[in-house]
S.K.: 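Provided herewith is a single structure, encoded as structure tokens, for subsequent inquiry.
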Amino acid sequence: MNIYTVKWGTKYSSDYVNKIASRVNQKVYCLTEDPSGLSENVEPILLPENNDLEKWWNKMYLFSPLVKQEGEKLFFDLDIVIQHDI
């Protein structure tokens, strides 16, 4: 299972992505326009330079050829708090 997040704009920092990655204990893929500050167990997937989507609309890229990983996808919003083993 592949785990994904989307970080766009400045509302949430890379710390939110890194916290999710540390709690799930596996590689996390992050769709973003700014990969700075992401930990080494987070693999950035860069949003297209001509991207005109804003906010939550960037989640739509999960269903595009931009995401090439095989298998099931599990998406977490950045404001989620993982408290126990998922």
Side-chain angles (χ1 to χ4, degrees):
M1 171 138 344
N2 298 305
I3 298 176
Y4 295 88
T5 64
V6 175
K7 183 183 81 64
W8 175 88
T10 58
K11 183 173 182 177
Y12 296 99
S13 69
S14 296
D15 293 338
Y16 285 84
V17 179
N18 296 338
K19 189 178 293 185
I20 289 172
S22 71
R23 297 294 288 173
V24 298
N25 225 8
Q26 74 177 61
K27 181 188 288 188
V28 171
Y29 298 94
C30 179
L31 284 91
T32 185
E33 83 287 4
D34 178 16
S36 62
L38 295 175
S39 66
E40 58 188 45
N41 58 338
V42 176
E43 184 173 321
I45 299 173
L46 295 178
L47 295 171
E49 287 187 24
N50 61 349
N51 177 31
D52 59 353
L53 300 178
E54 295 184 9
K55 300 181 183 178
W56 53 83
W57 290 105
N58 285 291
K59 294 176 190 177
M60 299 307 291
Y61 282 114
L62 288 169
F63 305 101
S64 77
L66 191 63
V67 175
K68 299 175 182 163
Q69 294 75 26
E70 294 290 325
E72 296 180 356
K73 297 176 177 76
L74 177 62
F75 174 79
F76 287 124
D77 278 323
L78 294 179
D79 60 353
I80 192 170
V81 177
I82 300 171
Q83 296 181 350
H84 301 286
D85 185 9
I86 57 171

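On a predicted model such as this, the values are computed, not experimentally measured, just so you know.
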S.K.: How long is the straight-line distance from CD of E49 back to CD of E33, given to the nearest 0.5 Å?
M.R.: 11.5 Å
S.K.: To the closest 0.5 Å, what do you measure between CG (L78) and NZ (K19)?
M.R.: 11.0 Å
S.K.: Quick check on Q26: does its CD atom have over 12 non-hydrogen neighbours (other residues, nucleotides or ligands) under 6.0 Å away?
M.R.: yes
S.K.: Under a 4.5 Å side-chain heavy-atom rule over Ile, Leu, Val, Met, Phe, Trp and Tyr, are L46 and V17 clustered together?
M.R.: no
S.K.: For the atom pair CG (L38) and CG (N18), what is the distance rounded to the nearest 0.5 Å?
M.R.: 6.0 Å
S.K.: Do V28 and N41 come close enough that some side-chain heavy atom pair is under 4.5 Å?
M.R.: no
S.K.: Between N58 and L31, is any pair of side-chain heavy atoms under 4.5 Å apart?
M.R.: no
S.K.: Determine all donor-acceptor pairs shorter than 3.5 Å in which one atom belongs to a side chain in residues 61-68; sequence neighbours excluded.
M.R.:
residue	atom	partner	partner atom	Å
Y61	OH	N51	OD1	3.1
S64	OG	Y61	O	2.8
S64	OG	L66	N	3.1

S.K.: Supply the atom-to-atom distance R23 CZ to I80 CD1, rounded to the nearest 0.5 angstrom.
M.R.: 11.0 Å
S.K.: Pairs of donor and acceptor atoms involving the side chains of residues 1-12, under 3.5 Å and at least two apart or interchain, shall be tabulated with distances.
M.R.:
residue	atom	partner	partner atom	Å
N2	ND2	E70	O	2.8
Y4	OH	Q69	OE1	2.9
K7	NZ	D34	O	3.1

S.K.: Kindly give the heavy-atom pair with the smallest separation between S14 and S36, and that separation in Å.
M.R.: OG-O, 2.6 Å
